[in-house]
Visitor: 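Below is one structure. I have some questions about it.
Please read these numbers as outputs of a predicted model, since none were measured by experiment. What's counted below: heavy atoms across the whole structure, side chains too, no hydrogens, waters or symmetry copies.
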Amino acid sequence: MKKSNKIWLSSLASLTVGAVPLLVIACKDERKDRYVFEFSSPYTAQAFLHDSSRSYGSFISTSTNHHTSVGLVRVETLNEPELQHLTLNQGGENGVVETKTYIVNPTWTRRKLSLASAVVITDKNGTVTTFDADDADVRSSAPFTENGISYFNSPSVELKSNNEKSINSSNFDEKLKTAAKLQFVVRDGVQWVDQEGKATKYEVKAKDFYYSWLRTLSVSGNFRHENGGSKQLDDEAVIALSDLSSAAFTDKEEYSNDYLFTLFGIDHSKFKVENEFIQNVNGKEAVTFEKLSTEENPKFSEFFSKTMLADYTFFPAPSQYIDESNSLDELPVYNSIGLKTELTRQIETKIKSLDKNSFVYKSGAYWYGVSLKNTLYVGPYYITPQKGQELILKKNLHYYDREFVNSKDTVNEIVNIYNNGIDTDTFVKRTFDKYKQGKLSQIAFSGLKDAQREEILQNGEKYGLRFSKAVNKTNPFYREFSHPFVKPLPAGQSVEYYGFNDAFAKLMYGGTREELKEGKNDPQTYIAGTGLIFRSLFNAAINWDEFASLATGGQGFAWLAKVADGSLIGGSDQSTAKYKTPYDAREEINSLFALKSDKSGKVEFGNSLGSELSPKENEEAVKNFSRRIDKLKSAGFEILKQELQKLFEEFDKQNPELAGQPFKFEYGFPYVNISNAYKEAFNDIEQTFLELNPRLQLSVFFTGDKNDPKFDAFRTGGANGTELVSWSYDYDAIGSGYDGLSWGGNFIPTLTWIAANDEGDKNKLIKENYPELHKLAKAIVEHAKEGTSHEWVGSVPFADLHLVVNNFKGSRLPYTTTYHFEKKEGETHYNLKRNEQGKAVLWNVPEGKHATEAYAWTASFWLEYVSKLTNEVAVKLMAELTSFFNINFTYNIFKQRNEFGKVLIQNHFSVPDESVVGVSIYSDWKVKKV
């Protein structure tokens with residue numbers, strides 16, 4: 001699942017080690033019910049930044065949307081987990097002392113009716129069952145016992161209900177399994193509020209969710225242009241309403257999560273038809289989801305838990321307000337900072353001239369929610385008028401949940417304070433001091449200096465030291481992802497745009513920058529040539545666990561596999577296999593091997609090491625070293641150093657015009673905030689690469705200025721051969737982790753290239769050293785063949801997808817099933833066909849067939865493919881892919897080292913576990929009377 005379309009440029013310090021520790025959260029002494037976030041970065045009012053109705057995907061910790069809005073149903077967390085620590089003495093008097101932590105009482109959760117007053121299920125036989133309650137009071141017993149302690153493995157557990165009308169009952173779960181239609185009756189009398197917290201005359205209606213769907217579709221430019229808008233209006237809206245740091249109204253924004261509905265067997269084509277999406281149930285309007293006519297076994301259970309409980313897609317838009325505004329002579333059009341200007345007035349005139357029956361006009365796609373001034377709220381909090389560098393959220397006294405409104409122990413106010421130009425060291429020291437004084441309510445333990453951590457550990461109870469068990473079932477370990485299909489450059493753009501020099505380009509991508517600029521390189525070099533050998537050598541030369549430890553203050557270790565650690569593997573023997581999760585197989589799937597420079601096989605490291613270096617072997621090899629650079633060297637460093645030199649010598653022979661040149665490449669750090677620990681770790685790894693070979697000049701680019709053109713070029717422009725991939729799982733198995741790379745990471749065209757080049761020596765390195773990857777490539781092409789039930793139907797044959805021009809690779813490659821791509825006689829690549837006006841030509845689907853929904857197709861393939869492997873074979877595939885992909889080490893390759901991570905939160909807060917929804921829901925937090 002793609003995450004929300006919003007691009008957040010500041011990273012938060014979360015409870016885990018994977019985030020950059022620059023956020024702190026403050027609470028003034030006199031207001032314990034006041035929660036204040038303080039950032040080291042400045043605030044930028046981006047278009048649609050706080051409009052929840054236009055967002056989609058899993059909840060994001062940096063977003064305000066799950067605070068200012070709510071869905072039809074939600075997950076409520078009821079209490080803070082209770083832990084018990086047991087000190088064990090092993091090996092007698094001189095043995096190792098170990099502390100074991102147990103969850104003796106988890107956070108109890110329940111499904112809660114929110115903007116829905118009832119859920120109505122119609123099964124395949126036409127039987128209708130209404131669930132209009134959400135009570136839950138049945139607790140499961142602790143399933144495990146050890147050392148005389150009864151405990152739970154999970155930090156959160158669902159409550160159940162014996163009331164058969166409750167959505168927390170077993171009856172509800174069983175009915176979902178046989179559902180053909182799922183309907184949500186919209187709650188009466190819920191009022192929208194404005195930025196003053198005042199109730200408006202507008203109430204939540206079923207139409208609000210219809211408009212929300214249209215607005216979500218309107219994230220994509222193609223939808224806007226085909227349903228009332230235009231490219232010209234987009235371009236003008238960028239200038240008049242948006243800002244340079246926003247992706248709104250540009251081709252950098254796209255909604256493509258509709259494939260999920262197909263995966264779940266739900267007919268999303270009906271969502272755009274108002275009287276089909278909104279149906280009558282006993283005289284009341286209900287938001288309605290129906291199964292596909294061709295689907296025998298729709299997955300409504302998965303749809304309910306994945307999309308309805310913790311996803312932004314169906315957060316409402318105030319249809320009454322939008323309709324009324326659209327009928328007025330003057331629209332409430334403001335730019336992103338809340339001003340009316342001559343440009344906004346010009347845009348307003350053009351919006352008013354649009355077809356009044358078009359989807360984009362009806363849903364206010366070009367104006368509603370652009371600014372805080374034209375955004376309304378229906379969640380537990382609302383946003384007050386923004387002032388300077390503060391953003392304040394206050395308790396919504398008109399929220400539907402009266403228990404929350406009337407409670408005296410809730411967080412009543414959330415304040416985001418932003419800073420401009422503050423030094424990182426100064427910021428961290430200041431916030432640590434404030435935390436000790438009780439002025440801050442939370443800081444990241446992993447962001448502290450050694451002396452600061454030791455001070456906290458000496459008196460943990462006083463300082464609110466807590467322990468949190470991180471459970472990651474949905475977030476794979478990638479963000480900036482390298483791939484073979486480097487984007488060509490626009491006419492007139494200098495090759496200096498690229499984040500590498502010609503020597504690196506030739507060795508890794510098979511062409512100089514001038515050749516890459518024209519899109520003329522052969523992907524063979526990257527996939528199965530010197531590029532593969534090159535990256536396998538320098539990837540395996542690093543002790544990545546030590547790098548992770550340096551960057552996280554000892555709190556993290558490296559997770560190199562591109563899958564979530566806590567999901568199921570999902571193979572055919574899942575229930576009986578030795579390894580059931582990727583974490584169980586962590587040593588195998590985070591090991592690395594390297595290829596010999598002469599293409600004769602894997603590098604052998606001698607002694608007991610064999611041809612693969614595991615994290616434990618690297619740790620053992622450096623345990624007696626003290627110099628940071630030496631500790632960053634893997635157990636095979638010296639052998640790899642020799643092998644890399646051989647590769648460079650052969651390169652010089654083949655490319656005399658580039659002989660002796662350094663191999664320069666810049667990785668990009670994808671956020672504007674960066675801690676000193678990260679900077680120091682990056683500097684150390686750069687020096688380690690130089691010791692591997694003085695020509696290996698790999699560095700990291702980072703900046704504090706989000707408007708720096710180079711930042712955008714690296715982050716989203718593909719300047720260093722990467723794609724920014726943000727993804728969360730669609731289902732609980734490793735296939736969904738790799739599916740996130742299918743399109744955004746160009747894994748599909750990589751696989752079709754492997755399958756298409758099976759003859760001769762072009763593919764030799766893959767066939768001989770990556771057998772499971774080779775089988776995968778052959779299998780996915782076979783899966784797509786004509787005549788099968790999962791035949792690929794698009795303007796480009798599936799087996800040829802690697803031949804589509806590079807500027808239509810990545811997330812644009814699925815366009816080939818909608819638009820006409822053609823390979824003209826004498827040409828080697830498919831390109832988009834355009835008419836005389838330059839507009840893209842739609843593809844005419846052959847009679848009797850339906851164009852493939854690309855994201856649904858790959859999601860289904862990965863689920864089916866992995867389910868047919870044994871878990872043992874799936875582990876081999878994961879291990880191969882770890883060594884095949886490049887290690888983009890700048891972000892999101894760190895995992896919490898200990899089962900229970902250390903968290904610092906002041907004692908007066910009761911904090912439920914957040915792993916179910918992935919973010920803190922502050923309306924569920926409690927303020928203790930201490």
Visitor: Do side-chain atoms of Tyr478 reach the backbone of Gly737 as a donor and acceptor pair under 3.5 angstrom?
Guide: yes

Visitor: Take Ser728 and Ser58 through the side chain to side chain donor-acceptor pair (under 3.5 Å) test and state the conclusion after the steps.
Guide: CA-CA 7 Å; Ser728 62; Ser58 304; 2.7 Å; yes

Visitor: Mind checking what makes side-chain hydrogen bond (donor to acceptor under 3.5 Å, both in side chains) contact with Tyr366, not counting sequence neighbours?
Guide: Asp234

Visitor: Under 6.0 Å between the ring centres of Phe315 and Phe209?
Guide: no

Visitor: Tell me which one of Glu324, Gln191, Gln320 satisfies side chain to side chain donor-acceptor pair (under 3.5 Å) with Tyr202.
Guide: Glu324

Visitor: Checking side-chain polar atoms at under 3.5 Å, does Tyr382 have a donor or acceptor matched by the opposite partner on Thr68?
Guide: no

Visitor: Classify the angle between the aromatic ring planes of Trp925 and Tyr922 as parallel (below 30°), tilted (30 to 60°) or perpendicular (above 60°).
Guide: tilted

Visitor: Can you confirm whether or not the ring centre of Trp367 sits under 6.0 Å from the ring centre of Phe48?
Guide: no

Visitor: Are there over 12 heavy-atom neighbours, none belonging to Lys284, within less than 6.0 Å of that residue's NZ?
Guide: no

Visitor: Show, in sequence, the C-alpha distance, side-chain angles and deciding distance for Phe289 and Phe314, and conclude whether the ring-ring contact (aromatic ring centres under 6.0 Å, His included) test is met.
Guide: CA-CA 12 Å; Phe289 302 93; Phe314 293 107; 5.2 Å; yes

Visitor: Measure from the side-chain N and O atoms of Asn472 to the backbone N and O of Thr474, and report whether any donor-acceptor pair falls under 3.5 Å.
Guide: yes

Visitor: Side-chain contact, heavy-atom cut-off 4.5 Å: Pro582 with Ile569?
Guide: yes

Visitor: Any idea how Phe223 and Phe359 line up, ring-wise: parallel (<30°), tilted (30 to 60°), or perpendicular (>60°)?
Guide: parallel

Visitor: Donor-acceptor pair, Tyr738 side chain versus Phe747 backbone, under 3.5 Å?
Guide: no

Visitor: According to side-chain hydrogen bond (donor to acceptor under 3.5 Å, both in side chains), who are the partners of Trp213, at least two apart in sequence or on a separate chain?
Guide: none

Visitor: Under 6.0 Å from the ring centre and within 45 degrees of the ring axis: does the NZ or CZ of Lys356 meet both conditions for the six-membered ring of Tyr361?
Guide: yes

Visitor: Would you please name every residue forming a salt bridge (Lys or Arg N to Asp or Glu O under 4.0 Å) with Lys580, sequence neighbours left out?
Guide: none

Visitor: Are the side chain of Asp924 and the backbone of Thr77 linked by a donor-acceptor contact shorter than 3.5 Å?
Guide: yes

Visitor: When Phe271 is tested against each of Phe261, Tyr211, Tyr210 for ring pair (Phe, Tyr, Trp, His ring centres under 6.0 Å), which residue passes?
Guide: Phe261

Visitor: Could you please spell out the steps behind the side chain to side chain contact (heavy atoms under 4.5 Å, CB included) verdict for Asn396 and Tyr381?
Guide: CA-CA 5 Å; Asn396 176 10; Tyr381 301 95; 5.7 Å; no

Visitor: Tell me which one of Thr107, Leu159, Thr109 satisfies side-chain contact (heavy atoms from CB on, under 4.5 Å) with Leu78.
Guide: Leu159

Visitor: Quick check with a 6.0 Å cut-off and a 45 degree axis cone: is Lys395 positioned over the face of Phe404's six-membered ring?
Guide: yes

Visitor: Would you call Asp565 and Phe477 a side-chain contact if the rule is heavy atoms closer than 4.5 Å?
Guide: yes

Visitor: How about His268 and Glu290: does a side-chain donor come under 3.5 Å of a side-chain acceptor?
Guide: no

Visitor: Okay, side chain of Tyr731, backbone of Leu863: is any donor-acceptor separation there less than 3.5 Å?
Guide: yes

Visitor: Between Thr858 and Asp739, does the side chain to side chain donor-acceptor pair (under 3.5 Å) criterion hold? Intermediate values first, please.
Guide: CA-CA 7 Å; Thr858 55; Asp739 186 32; 2.8 Å; yes

Visitor: Please check this pair: side chain of Thr817 against backbone of Thr852, looking for a donor-acceptor N/O pair closer than 3.5 Å.
Guide: yes

Visitor: Do any pairs count as a ring-ring contact (aromatic ring centres under 6.0 Å, His included) and have a residue in residues 114-143, sequence neighbours left out, and if so which ones?
Guide: Phe131-Phe172

Visitor: Apply side chain to side chain donor-acceptor pair (under 3.5 Å) to Gln183 and Glu285, showing your working.
Guide: CA-CA 9 Å; Gln183 296 176 286; Glu285 291 185 334; over 6 Å; no

Visitor: Arg54 side chain to Thr216 main-chain N or O, any donor-acceptor pair under 3.5 Å?
Guide: no

Visitor: Heavy-atom distance under 4.5 Å between the side chains of Ile780 and Ile748, does that happen here?
Guide: yes

Visitor: Between Trp727 and Tyr259, how do the two ring planes meet: parallel, tilted or perpendicular, split at 30° and 60°?
Guide: parallel

Visitor: Looking at residues at least two apart in the chain, or sitting in another chain, which of them share a side-chain hydrogen bond (donor to acceptor under 3.5 Å, both in side chains) with Glu164?
Guide: none

Visitor: Are more than 12 heavy atoms, taken from residues, nucleotides or ligands other than His790, located less than 6.0 Å from that residue's NE2 atom?
Guide: yes

Visitor: Quick one: do the Thr127 and Asn125 side chains pair a donor with an acceptor below 3.5 Å?
Guide: no

Visitor: Going by heavy atoms in the side chains, are Lys868 and Ser572 under 4.5 Å from each other?
Guide: no

Visitor: Taking the six-membered ring for Trp and the full ring for Phe, Tyr or His, determine whether the centres of Tyr321 and Trp192 are under 6.0 Å apart.
Guide: no

Visitor: Decide side chain to side chain donor-acceptor pair (under 3.5 Å) for Asn222 and Ser220; before the verdict, give the C-alpha distance in whole Å, the side-chain angles of both, and the deciding distance to 0.1 Å.
Guide: CA-CA 6 Å; Asn222 286 332; Ser220 300; over 6 Å; no

Visitor: Where do Tyr815 and Trp843 land on the ring-ring contact (aromatic ring centres under 6.0 Å, His included) test, with the steps shown first?
Guide: CA-CA 10 Å; Tyr815 289 175; Trp843 180 57; over 10 Å; no

Visitor: Do other residues, nucleotides or ligands put more than 12 heavy atoms under 6.0 Å from Asn406 CG?
Guide: yes

Visitor: Using 30° and 60° as the class limits, which term best fits the ring planes of Trp857 and His783: parallel, tilted or perpendicular?
Guide: perpendicular

Visitor: Tell me if a side-chain donor or acceptor on Arg110 pairs with a main-chain N or O of Ile167 at a distance below 3.5 Å.
Guide: no

Visitor: Just by distance, do the side chain of Lys562 and the backbone of Leu741 share a donor-acceptor pair under 3.5 Å?
Guide: no

Visitor: Calculate, to the nearest 0.5 Å, the distance between atoms CG and CZ belonging to Leu113 and Arg187 respectively.
Guide: 6.5 Å

Visitor: With sequence neighbours left out, write down each residue that passes side-chain hydrogen bond (donor to acceptor under 3.5 Å, both in side chains) with Thr581, or none if nothing qualifies.
Guide: Asp584

Visitor: Would you say His66 and Tyr312 make side-chain contact, with heavy atoms under 4.5 Å?
Guide: yes

Visitor: Going by heavy atoms in the side chains, are Val219 and Glu254 under 4.5 Å from each other?
Guide: no

Visitor: After noting the C-alpha distance and the side-chain angles of Phe303 and Met308, does the key distance pass the side chain to side chain contact (heavy atoms under 4.5 Å, CB included) rule?
Guide: CA-CA 7 Å; Phe303 166 71; Met308 300 309 298; 3.5 Å; yes

